[in-house]
Amino acid sequence: MVRPGLREWFAVGRVFANGNLLRNDDGLKLCQRFEAELADFTRSKHALALSSGTAGLICALQACGIGPGDEVLVPAYTWMATAGAVLLVGAVPVLVEINETLTIDVDDLSSKITARSRAVIPVHMINRACDMDRILEIARKNGLQVIEDASQAVGVLYKGRMCGTIGDIGVFSFNQHKNMTSGEGGAILTNDPHLFTRAMNAHDMGISYRTQSTGGNAPVFVGNNYRISEIQGAILRVQLSKLPGRLKKMRGRVRTLDRAFGDRGYLVAPQNDPDAAMGIAVTFDTEEEAIDFAKKRGVRRLFDNSKHVYTEWHAVLERRMAHSGLDPWGWAEISNGREINACPRTLDLLRRSCAVNLMAVAPFPFARILAKRLAA
Ligand SMILES: Cc1ncc(COP(=O)(O)O)c(C=O)c1O
């Protein structure tokens, strides 16, 4: 868990002294300045800060024009919000297996595309980049939009580009468990001005009060309020300045652990871009070995991680929305007989795999001690 420090405390104090806590693009402009800094850091043309990763996914889907009657391909291993956001805009998540990289399996992705498929959401889980080259190739061939869920991979690279900036539009989460945090928070990244305008519209019902351009002649539609406050803007600016140092330390830890686990003969889960590896996981031959390994401090078996496992998404699986008239499955004409959720290979991998929480297990300077303890 990332803990805020003294610098965040002072930054928030400055907002209190100013007295205007609401997003304010004329005063301290902290949200606006954070967005500019985030766009610069990610080398993305546009960045939009909003209240959570979930809000980011909803706005990204709305920006892409996804809605009733559409299918969206979602990996079976992700936080439930990825699938939930799809349903909240009226579309249906069709689950796709993961492979040994613990990210979306591109072969299974290809096999699940139908005439109704409109988008794919590759999720860069536990700081591990998806196979973006092949995903983009498949998406372009089949007319799918690519919405990257990089909630768990803020700052992680894939072949020199940052996760979240490779597809059409990408999403970060800044909740307390992520690489940087403001308690709750999120962001959208895109190079497409049209998608940016629509995302901005989706996240702010009263967009017209903002001084930023609404991006030309895109029609304004009914939005929501997913804005962040200047308090979050202040914290996020400090957190972003700390992120490169944090990522460097994480990368160092991954290398140390990778060597230690390799020496021990553990099967370290392969990465789609090994040079940029920022998260480490081990896959065992049997479930029992994984359960045993997970007893070590800072280690978690992926199957035991609650709503990251699709079989725990009860409301999704049982087709329960807030109102019975909201029926994404009916709108997409998905009969009860059509199986859109079964992903047995994903369950098998999650049962046998464990991830190491690089930030939780020991102070950063002691990576070698940590490695020894885990590999013992
Ligand atoms: C992969 C993934 N997607 C989306 C989200 C949703 O982010 P938030 O909690 O900021 O709404 C999370 C949060 O844990 C996540 O891990």
Side-chain angles (χ1 to χ4, degrees), residues 1-2 34 38 47-62 66 72-89 93 95-96 98 101-104 119-130 132 135 146-156 158 162-164 166-167 169-189 199 202-203 224-229 232-233 235-236 239-240 272 278-279 281 300 302-310 312-313 315-316 343 346 350 355 357-360:
M1 192 189 298
V2 181
F34 168 67
L38 186 65
L48 172 71
L50 26 67
S51 56
S52 69
T54 307
L57 287 166
I58 291 169
C59 294
L61 287 155
Q62 290 179 331
I66 309 280
V72 178
L73 297 138
V74 171
Y77 172 47
T78 176
W79 177 243
M80 187 180 165
T82 318
V86 173
L87 289 164
L88 286 169
V89 302
L95 301 193
V96 179
I98 58 166
T101 67
L102 306 174
T103 61
I104 194 163
V120 53
I121 309 186
V123 186
H124 307 288
M125 286 298 282
I126 45 174
N127 285 314
R128 306 166 66 81
C130 297
M132 289 309 294
I135 291 168
V146 179
I147 301 168
E148 288 177 81
D149 183 345
S151 294
Q152 295 199 10
V154 178
V156 175
Y158 170 81
M162 216 162 269
C163 291
I166 305 165
I169 191 164
V171 174
F172 285 166
S173 164
F174 302 132
N175 81 27
Q176 183 111 26
H177 304 289
K178 303 303 188 279
N179 293 344
M180 55 178 273
T181 187
S182 50
E184 298 280 5
I188 279 184
L189 305 158
H203 107 294
N224 215 305
N225 176 3
Y226 297 136
R227 295 190 302 266
I228 61 166
S229 73
Q232 286 163 293
I235 296 171
L236 287 170
Q239 285 276 306
L240 183 61
N272 287 306
M278 197 73 83
R300 195 184 51 219
L302 302 184
F303 189 72
D304 300 327
N305 204 6
S306 162
K307 302 244 178 293
H308 290 89
V309 183
Y310 79 91
E312 294 295 313
W313 304 348
V316 174
C343 288
T346 297
L350 297 181
N357 183 343
L358 296 172
M359 296 192 278

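Note that ligands are numbered from 1 as they come in the structure, with each ligand's atoms numbered from 1 the same way. All residue numbers in this chain count up from 1 along the given sequence. Given the structure is predicted, the values throughout are model-derived calculations rather than measurements.
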Given side chains that start at C-beta, do those of S182 and Q239 come closer than 4.5 Å, heavy atoms only? no
Starting from atom 12 (C) of ligand 1, which protein heavy atom do you reach first, and at what distance in Å? W79 CD1, 3.6 Å
What class does the angle between the rings of F34 and F174 fall in, given that below 30° is parallel, 30 to 60° is tilted and above 60° is perpendicular? perpendicular
Do any N/O atoms on Q152 end up under 3.5 angstrom from N/O atoms on ligand 1? yes
How about I235 and Q232: do any of their side-chain heavy atoms sit closer than 4.5 Å? no
I need the contact type for T54 against ligand 1. Using non-hydrogen atoms and a strict under-4.0 Å cut-off, is it side chain, backbone, both or neither? both
Run the numbers for me: atoms of ligand 1, each under 4.0 Å from some heavy atom of V123, listed by number. 1 (C)
With respect to atom 14 (O) of ligand 1, which of M80, H177, K178 exhibits the smallest heavy-atom separation? K178
Quick check against the 3.5 Å criterion: does R300 have a side-chain atom that pairs as donor or acceptor with the backbone of N305? no
Any side-chain heavy atom of M125 sitting closer than 4.5 Å to one from L102? no
Any side-chain heavy-atom pair of H308 and L302 under 4.5 Å: no
Against ligand 1, does A55 come closer than 4.0 Å with any heavy atom? no
Any heavy-atom pair between the side chains of Y77 and I126 that's under 4.5 Å? yes
Of all the atoms in ligand 1, which lie at a distance below 4.0 Å from a heavy atom belonging to T82? 3 (N)
Under 4.0 Å from any heavy atom of S52, which atoms of ligand 1 are there? 10 (O), 11 (O)
Closer than 4.0 Å to some heavy atom of G185 - which atoms of ligand 1 meet that? 10 (O)
To check your reading of the model: name the closest protein heavy atom to atom 9 (O) of ligand 1, its residue, and the distance in Å. N175 ND2, 3.0 Å
Please identify which atoms of ligand 1 are closer than 4.0 Å to at least one heavy atom of G53. 7 (O), 8 (P), 10 (O), 11 (O)
I need the atoms of ligand 1 closer than 4.0 Å to a non-hydrogen atom of S173, numbered in the order shown. 7 (O), 8 (P), 10 (O)
Side chains of L87 and P93 in contact at under 4.5 Å (non-hydrogen atoms): yes
Among all protein heavy atoms, pick the one closest to atom 3 (N) of ligand 1 and tell me residue, atom and distance. D149 OD2, 2.7 Å
What atoms in ligand 1 come closer than 4.0 Å to a heavy atom of T78? 1 (C)
Could you check whether any side-chain heavy atom of L38 comes within less than 4.5 Å of a side-chain heavy atom of L236, counting everything from C-beta outward? no
For ligand 1, is any non-hydrogen atom under 4.0 Å from S151's backbone (N, CA, C, O), its side chain (CB onward), both, or neither? side chain
Any heavy-atom pair between the side chains of I188 and C59 that's under 4.5 Å? yes
